[in-house]
Q: 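Provided herewith is a single structure, encoded as structure tokens, for subsequent inquiry.
We use all heavy atoms of the structure for the numbers below, so side chains are in, but hydrogens, waters and symmetry mates are not.
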Amino acid sequence: MRSAQPGSTPTAASTGFPFTAVVGMDDLQLALILAAVSPAIGGVLIRGEKGTAKSTAVRALTEILPAVDVVRGCRFSCDPGRPDAGCPDAPHLDADATTRPARLVELPVGATEDRVLGSLHLERALSEGVTVYEPGLLAAAHRGLLYVDEVNLLHDHLVDVLLDAAAMGRATVERDGVSVTHPARFVLVGTMNPEEGELRPQLLDRFGLTVDVMASRDPAVRVEVMRARLAYEADPMGFAERYDAAQRELAERIVKAQSLLPDVILTDPALRQIAEICASFDVDGMRADLVTARTAIAHAAWCGRNVVEVEDVRAAAKLALPHRKRRNPFDPPGLDDEQLEQAINDSTPPDDDPEPDGPDDGGGGPQPDDVSGPDDQAPEQPEQGQPQAGQAPSGQVDGAGEPFKARLLSVQAAGRGVSGRRSRALTEVGRVVGDRARVGREPGRPHLLGTIRSAAPHQHSRGRSGPGLAVRPTDVRLAVREGREGNLVLFCVDASGSMGTKKRMTEVKTAIVSLLMDAYQRRDTVGLVTFAGLGATVALPPTGSVETAVRRLESLPTGGRTPLAEGLLQAAEVLRIAAIRDPRRRPLLVLVTDGRATAGTDAFAKARQAAGWLADKGIAAVVVDCEPRRGVRLGLAGELATDLRAEYLDLGEVAAGNLVRTVTERAA
């Protein structure tokens with residue numbers, strides 16, 4: 001079903017999974033509802049492991065959103081009661097009105113900026129000589145829901161565009177002779193799996209609310225989830241009909257909350273309390289305070305109150321602060337309930353508004369969890385010195401120190417990899433450096449001047465008369481852009497006993513963590529191979545989750561002999577498999593070692609042979625020499641760098657400011 005207004009007649013019953021049938025996701029449902037009540041909150045980011053019904057809940061929300069009155073024929077869904085004077089399709093004087101269901105617009109990960117913002121209508125520009133704006137996905141999402149699955153894999157510049165539009169309520173296009181500003185107010189919802197990589201803190205902060213979801217460990221809840229899903233798959237229509245009354249009730253309650261929202265009073269004591277809570281969590285900037293205030297107002301309206309109470313502030317803080325209290329990109333997100341309760345108790349409560357014993361039921365519906373319930377259990381951490389699966393034998397475990405700004409390591413020459421921030425590459429974004437012919441109906445941004453140059457010589461033979469150009473599909477040229485690509489940075493780390501002497505491993509781990517932080521900021525994929533004892537281990541296969549790499553590195557013990565050749569060969573195998581899975585992502589091997597090889601006979605000779613084999617494969621590499629700076633230096637790591645045809649760095653040079661070092665790339 002799809003409800004328009006209380007008492008209105010819904011459209012034909014939907015066969016989608018009902019929002020009210022989602023089990024065990026109260027915080028997620030509450031966050032989505034509050035964002036629907038007040039889009040000014042700034043959207044919702046849903047973080048969680050795979051298979052936790054993130055996408056199901058988001059798509060189900062659309063079914064309970066109120067229908068939208070729009071100006072008939074307006075491409076930007078203007079409200080006939082309050083038409084936007086700046087709408088490109090204006091004026092809307094005496095325009096007909098029509099009603100349509102709330103719209104869910106899905107933005108694919110591979111979308112281009114033109115598809116998101118809109119662009120010049122190329123065909124009409126060339127054939128008719130007129131400048132016409134063709135709206136994009138932001139225009140389609142106006143007054144609806146914009147859903148981005150795997151938002152952490154979306155290009156950063158597109159995330160910036162989305163969040164700017166969500167915050168400002170308008171989208172601006174300035175390109176190719178087009179200058180357009182149009183309304184773009186929508187509920188932005190992003191979902192992501194943290195195992196595939198995190199959003200940058202600057203982008204994370206732009207989402208109003210965040211919810212971490214995970215499958216319940218309670219067998220009774222899991223049984224209920226399975227029973228509901230199997231029943232839905234067996235009879236989607238019948239299953240949806242069983243929840244029709246609950247869906248209608250929830251839809252009507254959202255409409256009532258939206259109507260009450262402008263009348264909710266946020267008192268000065270409540271404002272003071274919000275400010276004190278945000279200050280106690282040491283968040284950056286003022287966005288946390290503003291979002292918490294807007295969310296508290298929305299929660300009060302949702303509960304049917306016209307004055308913000310302590311419980312509204314508590315619910316708002318639980319959703320608005322977890323992703324803003326991180327002080328380091330590798331800090332785990334989340335909010336400690338005890339710390340929140342202490343901050344609430346220490347803050348100034350609203351006047352004449354004693355703190356309730358528990359959450360106000362507000363007439364039913366999804367509510368925040370009772371904060372007096374049991375705390376979430378933190379994942380078990382391995383004891384110091386205890387190896388994880390596949391690691392070297394247990395030994396001394398040294399932690400990393402404070403990370404520093406690492407120098408940029410990049411692959412020489414322009415590649416054609418995925419968009420990122422490390423090496424030079426021909427990508428879909430960046431500055432225009434030329435144009436090329438389009439292959440078939442290949443997608444891409446046309447190069448206007450190149451297309452005109454291609455079509456111009458044929459105008460006479462095509463019988464052109466009058467204004468405009470006679471353009472054919474074969475005339476279209478695509479822009480060639482040079483930007484930056486992301487790489488696969490594979491760390492091959494010596495974890496043998498020689499690395500553990502004199503706490504040298506602390507310095508090594510600090511340098512690697514600093515390089516990992518650089519990889520995090522540059523949107524790279526990372527992997528970790530370690531070698532010690534009798535062989536090498538893939539401690540972390542290539543992944544976008546740099547945080548996981550840091551955790552694996554921190555718990556890495558040292559001890560045993562040095563199987564250097566085995567480490568290089570294991571790294572080569574990881575890179576071989578990665579090239580099959582992601583051929584566009586160029587690799588960068590970072591070998592961290594003192595160059596010693598002590599496992600077996602002729603160990604160093606075998607290591608040099610393996611290094612030469614890697615060099616012949618064209619693998620770009622850096623050797624970070626960890627040999628002590630004092631005393632007699634053997635220089636083995638330098639010899640290895642020569643065999644690898646790699647850039648050589650002493651461990652102390654990793655932190656040499658912002659100097660750019662280019663790694664020599666050899667063709668196979």
Q: Classify the side-chain pair Thr642/Tyr648 by whether it contains a donor and acceptor separated by less than 3.5 Å.
A: no

Q: Step by step, would you call Leu614 with Leu589 a side-chain contact (heavy atoms from CB on, under 4.5 Å)?
A: CA-CA 10 Å; Leu614 275 167; Leu589 175 64; 4.0 Å; yes

Q: Looking at Ser496 and Asp494, what are the two nearest heavy atoms and their distance?
A: OG-OD1, 2.7 Å

Q: At their closest point, which heavy atom of Gly533 faces which heavy atom of Ala599, and how far apart are they?
A: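 Smallest interatomic distance, heavy atoms only, reads O-CB, 4.3 Å.
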
Q: Any idea which heavy atoms bring Ala610 and Leu569 closest together, and the distance?
A: CB-CD2, 4.0 Å

Q: Looking at side-chain heavy atoms only, is the closest gap between Arg59 and Glu106 below 4.5 Å?
A: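 A side-chain contact under 4.5 Å exists here.
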
Q: Is a side-chain donor-acceptor pair under 3.5 Å present for Asp218 with Ser216?
A: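 No, because no side-chain N or O of Ser216 sits under 3.5 Å from a partner of the opposite role on Asp218.
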
Q: Flag the pair Gln570 / Thr537 as yes when at least one side-chain heavy-atom distance between them is below 4.5 Å, and no otherwise.
A: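 No, too far: nothing below the 4.5 Å cut-off.
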
Q: Using the side chain to side chain contact (heavy atoms under 4.5 Å, CB included) definition, which of the options Leu515, Leu516, Asp524 pairs with Val489?
A: Asp524

Q: Taking all non-hydrogen atoms of both residues into account, name the closest pair between Cys492 and Phe531 and its distance.
A: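 Nearest heavy atoms, Cys492 then Phe531: SG-CE2, 3.7 Å.
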
Q: Output the distance between atom NE2 (His323) and atom CZ (Phe207), rounded to the nearest 0.5 Å.
A: 8.5 Å

Q: Supply the atom-to-atom distance Ile46 CD1 to Leu32 CG, rounded to the nearest 0.5 angstrom.
A: 5.0 Å

Q: Nearest 0.5 angstrom please: Leu107 CG to Asp149 CG, how far?
A: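 If I round to the nearest 0.5 Å, the distance is 10.5 Å.
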
Q: Pair Thr52, Met25 - check side-chain contact (heavy atoms from CB on, under 4.5 Å), show working.
A: CA-CA 9 Å; Thr52 49; Met25 297 291 175; 4.2 Å; yes

Q: Just by distance, do the side chain of Asp643 and the backbone of Gly612 share a donor-acceptor pair under 3.5 Å?
A: no

Q: Please report the C-alpha distance between Arg596 and Leu634 in whole Å, then the side-chain angles of each, then the deciding distance to 0.1 Å, and finally whether the side-chain contact (heavy atoms from CB on, under 4.5 Å) criterion is met.
A: CA-CA 9 Å; Arg596 296 173 183 267; Leu634 300 179; 4.1 Å; yes

Q: Mind checking the CG-CG spacing from Leu540 to Leu490? Nearest 0.5 Å is all I need.
A: 9.5 Å

Q: For a 4.5 angstrom cut-off between non-hydrogen side-chain atoms, does Leu553 reach Phe491?
A: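 No. Closest side-chain heavy atoms not under 4.5 Å.
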
Q: Please check this pair: side chain of Thr598 against backbone of Thr562, looking for a donor-acceptor N/O pair closer than 3.5 Å.
A: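 Side chain of Thr598 to backbone of Thr562, a donor-acceptor pair under 3.5 Å: yes, one is there.
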
Q: What is the minimum heavy-atom distance between Ala288 and Val283, and which atoms define it?
A: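 That closest heavy-atom pairing would be CB-CG2, 3.7 Å.
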
Q: Got Phe17 and Val22 here, is their nearest side-chain heavy-atom distance under 4.5 Å?
A: yes

Q: Would you name the heavy atoms of Pro542 and Leu488 that are closest together and state the gap between them?
A: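 Closest pair (atom of Pro542, atom of Leu488, distance): CB-CD1, 3.8 Å.
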
Q: Can you measure from CZ (Arg324) to CG (Asp205) and round to the nearest 0.5 angstrom?
A: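 Taking CZ in Arg324 and CG in Asp205, the distance rounds to 4.5 Å.
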
Q: Set out, in order, the CA-CA distance, both residues' side-chain angles and the distance that settles salt bridge (Lys or Arg N to Asp or Glu O under 4.0 Å) for Arg608 and Asp602, then state yes or no.
A: CA-CA 10 Å; Arg608 295 190 64 174; Asp602 297 326; over 6 Å; no

Q: Should Leu564 and Leu640 be marked as a side-chain contact (heavy atoms from CB on, under 4.5 Å) after you check the CA-CA gap, both sets of side-chain angles, and the distance that decides it?
A: CA-CA 10 Å; Leu564 181 54; Leu640 208 60; 3.7 Å; yes

Q: Do Val529 and Glu566 come close enough that some side-chain heavy atom pair is under 4.5 Å?
A: no

Q: Can you confirm whether more than 12 heavy atoms, excluding those of Glu573, are under 6.0 Å from its CD atom?
A: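 For Glu573, atom CD is crowded (more than 12 foreign heavy atoms under 6.0 Å).
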
Q: Side-chain contact, heavy-atom cut-off 4.5 Å: Leu636 with Glu627?
A: no

Q: Taking the side chain as every heavy atom from C-beta outward, state whether Arg222 and Val225 have any atom pair closer than 4.5 Å.
A: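 Of all side-chain heavy-atom pairs linking Val225 with Arg222, none is under 4.5 Å.
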
Q: Measure the spacing between CZ of Arg581 and OG1 of Thr525 and express it to the nearest 0.5 Å.
A: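 Taking CZ in Arg581 and OG1 in Thr525, the distance rounds to 12.0 Å.
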
